[in-house]
Amino acid sequence: MLVTLEGLDGSGKTTVWEALRDTYSDAVFTREPTDDSWYGEAVNRAIGDDDADPLATLFLFTADHADHLSRVVRPALDAGELVISDRYSDSRYAYQGASLRDSDLKRPMEYIRGIHSAFTRPPDKTIYLDVDPETAAARSGSTNKFEQAAYLAEVRANYERLIEAEPDRFVRIDATQSPEEVLDEVEAALDDILADA
Ligand SMILES: Nc1ncnc2c1ncn2[C@@H]1O[C@H](COP(=O)(O)OP(=O)(O)O)[C@@H](O)[C@H]1O
Ligand SMILES: Cc1cn([C@H]2C[C@H](O)[C@@H](COP(=O)(O)OP(=O)(O)O)O2)c(=O)[nH]c1=O
């Protein structure tokens, strides 16, 4: 089973993801962008470059996803493992859908979802940590171009469109709560997901 964690920078995904490793120690924990491949390194170069071309950045993230699927996700799922990924394809739809809003692409998010539909492995469930852009930007320290409140507001709107399109796949968690409360709710949601599997 593939469960993904999604949310704005600063929503608390990594904090939750780290804590879950103790509770679900048999699961395969992974993330996007990957941190163990040259594809992921190329992505992080683009993240750190304010002049990086947005369309080229989309394809770097997508290349990293293709490698992540073949090297990590599909083998683990084929072995019957529970896979928990900190960010996955919804981040591409939400973030690059926003960063390409002024491009020649008429409907960027739909274009990106179309590219992925030819090869991706959709999540079975997605836990969405919901937080307002101002809180998210304040927590993340606005350290990179993706962490600015105005941009995060567009990303959040894209996430809401994804949730509206697939309400049964998403579990919304109020991430403005304390870390302990957020983690309690995420673990309860994950237990429910696994019980229904
Ligand atoms: N529920 C929370 N309430 C307040 N601060 C939080 C919460 N969750 C995480 N943080 C803090 O916010 C910052 C970003 O958390 P992180 O888990 O890295 O978020 P993300 O991976 O979603 O960007 C960290 O300093 C973390 O300690
Ligand atoms: C996976 C992914 C991440 N991102 C962005 C979100 C983050 O700002 C940045 C790096 O992701 P990450 O290292 O997960 O940052 P954070 O832990 O703060 O969420 O890349 C995309 O724009 N598209 C993607 O497909």
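For ligands, and for the atoms within them, numbers begin at 1 and follow the listed sequence. One is the number of the first residue; the rest follow in order along the sequence.
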Q) So does R74 have more than 12 non-hydrogen atoms from other groups sitting under 6.0 Å from CZ? A) yes

Q. Of all the atoms in ligand 2, which lie at a distance below 4.0 Å from a heavy atom belonging to I47?
A. 9 (C), 10 (C), 20 (O)

Q) To which of H65, R87, K13 does the heavy atom nearest atom 6 (C) of ligand 2 belong? A) R87

**Q.** For P179, atoms of ligand 1 separated by under 4.0 Å from a heavy atom
**A.** 1 (N), 2 (C), 3 (N), 7 (C)

Q: Could you pull out the closest heavy-atom pair between Y95 and G7, with the gap in Å?
A: OH-O, 3.7 Å

Q: State the atoms of ligand 1, each with its element, that fall below the 4.0 Å cut-off from a heavy-atom position in T15.
A: 9 (C), 15 (O), 16 (P), 17 (O), 26 (C)

Q: Calculate, to the nearest 0.5 Å, the distance between atoms CD1 and CH2 belonging to I84 and W17 respectively.
A: 10.0 Å

Q: For the residue pair H65 and T120, confirm or rule out a side-chain donor-acceptor distance under 3.5 Å.
A: yes

Q | Contact (N/O only, under 3.5 Å) between D9 and ligand 1 | A | no

Q) Between the side chains of D9 and Y151, does any donor sit under 3.5 Å from an acceptor? A) no

Q) Just distances here: any N/O of Q177 and N/O of ligand 1 closer than 3.5 Å? A) yes

Q.
For D174 versus E185, what's the shortest heavy-atom pair and its separation?
A. N-OE1, 4.3 Å

Q | Proximal atoms of ligand 2 relative to T14 (non-hydrogen, under 4.0 Å) | A | 17 (O)

Q | Any N or O of K13 closer than 3.5 Å to N or O of ligand 1 | A | yes

Q. Quick one: CD1 on I112 to CZ on R92, what's the gap to the nearest 0.5 Å?
A. 9.0 Å

Q | Side-chain donor/acceptor of R21 to backbone N/O of V28, under 3.5 Å | A | no

Q) Between S140 and ligand 1, which part of the residue brings a heavy atom under 4.0 Å of the ligand: side chain, backbone, both or neither? A) neither

Q.
So L183 and L20, do their side chains get closer than 4.5 Å, heavy atoms only?
A. yes

Q: Have a look at E18, R139, E6 and point out the one with the heavy atom closest to atom 25 (O) of ligand 1.
A: R139

Q) Can a non-hydrogen atom of L8 be found less than 4.0 Å from any atom of ligand 1? A) yes

Q: Would you tell me whether T23 and E187 have side-chain atoms, one donor and one acceptor, within less than 3.5 Å of each other?
A: yes

Q. Counting from 1, what ligand 2 atoms have a heavy atom of Q96 closer than 4.0 Å?
A. 21 (C), 22 (O), 23 (N), 24 (C), 25 (O)

(Q) Using a 4.0 Å cut-off to any heavy atom of E32, which atoms of ligand 2 qualify? (A) 1 (C)

Q) Which is it for P33 and ligand 2 at heavy atoms under 4.0 Å: side chain, backbone, both or neither? A) both

**Q.** Polar side chain donor-acceptor pair, S85 to T4, under 3.5 angstrom
**A.** no

Q | Shortest heavy-atom approach to atom 7 (C) of ligand 2 - which of D9, V155, L129 | A | D9

Q: Can you sort out which atoms of ligand 1 are near G12, meaning under 4.0 Å from one of its heavy atoms?
A: 8 (N), 9 (C), 16 (P), 17 (O), 19 (O), 20 (P), 22 (O)

(Q) Could you check whether any heavy atom of S140 sits closer than 4.0 Å to an atom of ligand 2, since that is the contact criterion I want to use? (A) no

**Q.** Distance filter under 4.0 Å to R31 heavy atoms, resulting ligand 2 atoms
**A.** 12 (P), 13 (O), 14 (O)

Q) Which part of D86 is near ligand 2, with near meaning a heavy atom under 4.0 Å away: side chain, backbone, both or neither? A) neither

Q: Return yes when S178 approaches ligand 1 closer than 4.0 angstrom through a heavy atom, no otherwise.
A: yes

Q) In terms of side-chain heavy atoms, does R71 have a donor or acceptor partner in Y39 at a distance below 3.5 Å? A) no

